[in-house]
There are 2 protein chains.
Amino acid sequence: MIEAELFRVLADPTRRALFERLVAREMSVSDLREGFSVSQPAISQHLAALRAAGLVEERREGRFAYYRANPEALAPLVNWVDTYSTFWPKRIERLKDLLRRMDQ
Amino acid sequence: MIEAELFRVLADPTRRALFERLVAREMSVSDLREGFSVSQPAISQHLAALRAAGLVEERREGRFAYYRANPEALAPLVNWVDTYSTFWPKRIERLKDLLRRMDQ
DNA sequence: ACAAGATATAAGTGTCAGCTTATATGTTGT
DNA sequence: ACAACATATAAGCTGACACTTATATCTTGT
């Protein structure tokens, strides 16, 4: 049942987009605001939700707050998906492609 | 963006539980009702949502409706999870090992 | 034909999540 | 010290959604 919070938190598109951007690189709240049409408090609230789920971590530096993704927190979701995605062959091919792309 | 509907539909715990039971085996709506505290219409509504997302399929037989899971519909979710959990270094190694073993 | 059964749809309701504006808290530079 | 800045928190509003009961639709057995 541990995946419940992850599903709930990641169900929101804005929150998913924030997480995705933070996987690429660490960013401040102001950085994150760019490209989103919501207010700064909304961003902060989403970050708090992601943080409560362990999906992002915060590093404070003066008046700035830098956030970065913690993909390991996806583990329960990965487990769930692995359990129920029984169509392995295609998935293996996709994983190979993915790893090839990342090796460069 | 294709994973959006999957996240939304699977965010509901009751719906996830229904899907999980239907992965194990095909069941009628009445069968599914057992173990849940919600009404029959609620079950039907959840099944309709799962069906719209392609996560379950229906087979009619007389006055019965038999549902079964279609795990392949998880593909976009699997893809998303793989994309972002691959940034988890240990998972990369695990996946590489897995693929090496499967190449033989 | 009709009653009982299985499921779906309709309509209404309450709750909650995400949004907003306003404000608080803490920090930096002058 | 104070103004500007970066972020967080508070409070209130609104829409979406999961639920309910009531009813419709279709099927089966007598």
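Heavy atoms only: backbone and side chains are in, while hydrogens, waters and symmetry mates are out. All of these numbers come straight from a predicted model, not from anything done at the bench.
Proximity of A:Y67 to the phosphate of D:dA6: no side-chain N or O atom is located under 4.0 Å from OP1 or OP2. In this structure, A:H46 reaches the C:dC19 phosphate: one of its side-chain N or O atoms is under 4.0 Å from OP1 or OP2. Here A:S44 does not reach the OP1 or OP2 of D:dA6: none of its side-chain N or O atoms lies under 4.0 Å away. Between A:R60 and the phosphate of C:dG26, there is no side-chain N or O to OP1/OP2 separation shorter than 4.0 Å.
The backbone N or O of B:L10 lies less than 3.5 Å from a partner atom in the side chain of B:R16, making a donor-acceptor pair. With hydrogens and angles disregarded, no donor-acceptor distance shorter than 3.5 Å links the side chain of B:R33 to the backbone of B:I43.
If you take CZ of B:R8 and C1' of C:dA17, they are 15 Å apart, rounded to a whole angstrom. Atom pair A:F64:CZ and C:dT28:P shows a separation of 9 Å (rounding to whole Å applied). Distance, A:R33 CZ to D:dA6 P: 10 Å, rounded to whole Å. Between the P atom of C:dG18 and the CZ atom of B:F7 lies a distance of 14 Å, rounded to the nearest Å. Computed from coordinates, the A:L50 CG to D:dA8 P distance equals 12 Å when rounded to whole Å. Rounded to an integer number of Å, the gap from CD of A:Q40 to P of C:dT21 is 12 Å. Atom CG in A:D12 sits roughly 18 Å away from atom P in C:dC16 (whole-Å rounding). Between B:L10 atom CG and D:dA18 atom C1' the separation is 16 Å, expressed in whole Å.
Contacts of B:A65 with the nucleic acid, taken as non-hydrogen atoms under 4.0 Å apart, involve only primed sugar atoms and P, OP1 or OP2. Across all strands shown, B:R51 has no heavy atoms under 4.0 Å from either base or sugar-phosphate atoms. Here B:R15 lies in heavy-atom contact (under 4.0 Å) with sugar-phosphate atoms only. Within 4.0 Å (heavy atoms only), A:E58 reaches sugar-phosphate atoms of the nucleic acid but no base atom.
Ring pair B:W80/B:Y84 is tilted by interplanar angle, where 30° to 60° counts as tilted.
With hydrogens and angles ignored, a donor-acceptor pair closer than 3.5 Å exists between the side chain of A:R63 and the base of D:dC5. Interface remark: the A:Q45 side chain does form a donor-acceptor pair with the C:dT20 base, using a distance-only criterion of under 3.5 Å.
When each of A:E61 and A:V38 is assigned the nucleotide of DNA chain C with its nearest heavy atom, A:V38 is the one assigned upstream, toward the 5' end. Mapped onto DNA chain C by nearest heavy atom, B:A42 and A:A42 fall at different nucleotides, with B:A42 at the one closer to the 5' end.
Taking the side chain of A:S39 as heavy atoms from C-beta on, and the options C:dT7, C:dA10, C:dT20, the nearest nucleotide is C:dT20.
In this structure, B:I2 CD1 and B:N79 CG are separated by 9.5 Å, a value rounded to the nearest 0.5 Å.
Contact check for A:L32 versus A:L47: side-chain heavy atoms found under the 4.5 Å cut-off.
The residues B:E57 and B:R59 are annotated as not salt-bridged, no charged nitrogen and carboxylate oxygen being separated by less than 4.0 angstrom.
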